[in-house]
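Step one of this worksheet: look at the structure below.
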Amino acid sequence: MRVIVIGCGRVGSGLAHQLALEGHSVTVVDSDPAAFDRLPAGFSGEQIVGFGIDRKVLLTAGIERTEALAAVTGNDEVNSVVARAAVVRFQVPRVVARMYDPRQADLYRRLGVVTISPVVWGIGRLSEALQARDVATVFSLGGGQVDLNQVTVPARLDGRPCRELEVPGELAVTAVSRGGRTFIPDGNSPMHTGDIVYLVVATGAASRLEELIGE
């Protein structure tokens with residue numbers, strides 16, 4: 001897959017490195033030449049010095065033939081402009097933008113740009129850590145619209161089927177880890193005390209999950 005990463009800060013450089021390790025063709029764009037020093041030695045991708053909002057720079061980066069773009073500079077306005085241009089003007093199939101302002105993230109999400117808000121995500125994870133719950137978020141999808149959560153099965157659910165943690169459109173069990181083995185269960189698969197159950201959870205359904213496990 002051809003990918004353009006706009007911004008070579010800590011997130012951008014790490015993302016570019018990860019994608020390159022996975023075998024993708026990566027082009028990184030940053031206005032500061034020194035930013036590329038964050039890339040590891042031997043980085044196989046292309047490096048372009050320039051502003052991501054500059055159409056000529058995007059064309060040089062190959063945006064007309066790219067399959068994915070990530071706008072992860074430290075500036076919400078730059079990220080939103082680049083992401084919107086990639087979606088509307090260049091019809092890039094996959095576009096993700098990092099936005100610190102939750103209001104901006106929500107606005108551009110409604111316009112068709114996938115947004116990730118570290119502020120919203122971080123608040124939720126800090127709250128979970130402080131309350132030491134048995135429910136923890138592993139990963140967020142669609143800018144936080146759906147989370148992948150892990151649940152430690154309490155004794156009260158020992159032997160109960162996985163379907164008891166499922167609610168159509170809100171909660172769905174995707175995997176179970178037990179004794180060092182992870183497998184995909186069906187609705188009748190029994191849960192055992194101490195199992196780690198992974199579920200996809202829709203926005204607003206976290207409290208429902210806590211009710212079902214007895215928190």
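Small disclaimer: the values here were computed from a predicted structure and weren't measured.
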Determine, step by step, whether V29 and Q47 satisfy the side-chain contact (heavy atoms from CB on, under 4.5 Å) criterion, reporting the C-alpha distance in whole Å, the side-chain angles of both residues, the deciding distance to 0.1 Å, and the verdict. CA-CA 6 Å; V29 177; Q47 303 167 30; over 6 Å; no

Which atoms form the tightest heavy-atom contact between [X] and [Y], and what is the distance?
| X | Y | result |
| --- | --- | --- |
| N75 | V78 | OD1-N, 3.0 Å |
| A70 | L15 | CB-CD2, 3.7 Å |
| M1 | A68 | SD-CB, 4.1 Å |
| T182 | A175 | CG2-CB, 4.1 Å |
| G50 | V57 | CA-CG2, 4.0 Å |
| A20 | F43 | CB-CE1, 3.8 Å |

Taking C-beta and beyond as the side chain, do [X] and [Y] meet within less than 4.5 Å on heavy atoms?
| X | Y | result |
| --- | --- | --- |
| L19 | E22 | yes |
| V176 | F183 | yes |
| R160 | P190 | no |
| P161 | M191 | no |
| T66 | T27 | no |
| R2 | H24 | no |
| R84 | R89 | no |
| I184 | Y198 | no |

Sub-3.5 Å donor-acceptor pair from the side chain of [X] to the main-chain atoms of [Y], do we have one?
| X | Y | value |
| --- | --- | --- |
| D147 | N149 | no |
| E166 | A172 | no |
| N79 | T73 | yes |
| D30 | C8 | yes |
| D158 | A155 | no |

Inter-residue atom distance [X].[atom1] - [Y].[atom2], 0.5 Å rounding:
| X | Y | atom1 | atom2 | answer |
| --- | --- | --- | --- | --- |
| T193 | R178 | OG1 | CZ | 10.0 Å |
| N188 | R163 | CG | CZ | 4.5 Å |
| I6 | L58 | CD1 | CG | 5.5 Å |
| D101 | E77 | CG | CD | 8.0 Å |
| R55 | F90 | CZ | CZ | 5.0 Å |
| L59 | K56 | CG | NZ | 9.5 Å |

Is [Y] reachable from [X] through a run of I, L, V, M, F, W or Y residues, each pair having side-chain heavy atoms under 4.5 Å apart?
| X | Y | value |
| --- | --- | --- |
| I53 | V72 | no |
| V5 | M99 | no |
| V92 | V87 | yes |
| V3 | F36 | yes |
| V82 | V88 | yes |

Run the numbers on S13 and V28 for side-chain contact (heavy atoms from CB on, under 4.5 Å), then give the verdict. CA-CA 8 Å; S13 59; V28 188; over 6 Å; no

Should E67 and R94 count as an ion pair when the cut-off is N to O under 4.0 Å?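 Between R94 and E67 there is no salt bridge, as every charged N stays at least 4.0 Å from the carboxylate O atoms.
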
Could you walk me through whether L165 and L171 pass the side-chain contact (heavy atoms from CB on, under 4.5 Å) test, one step at a time? CA-CA 7 Å; L165 294 183; L171 306 169; 5.9 Å; no

For F51, does the CZ atom sit with more than 12 other heavy atoms under 6.0 Å from it, leaving out its own atoms?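 Counting neighbours around CZ of F51, 12 or fewer heavy atoms of other residues, nucleotides or ligands fall under 6.0 Å, so no.
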
Step by step, work out the side-chain contact (heavy atoms from CB on, under 4.5 Å) result for V11 and R98. CA-CA 10 Å; V11 171; R98 178 179 66 174; 3.1 Å; yes

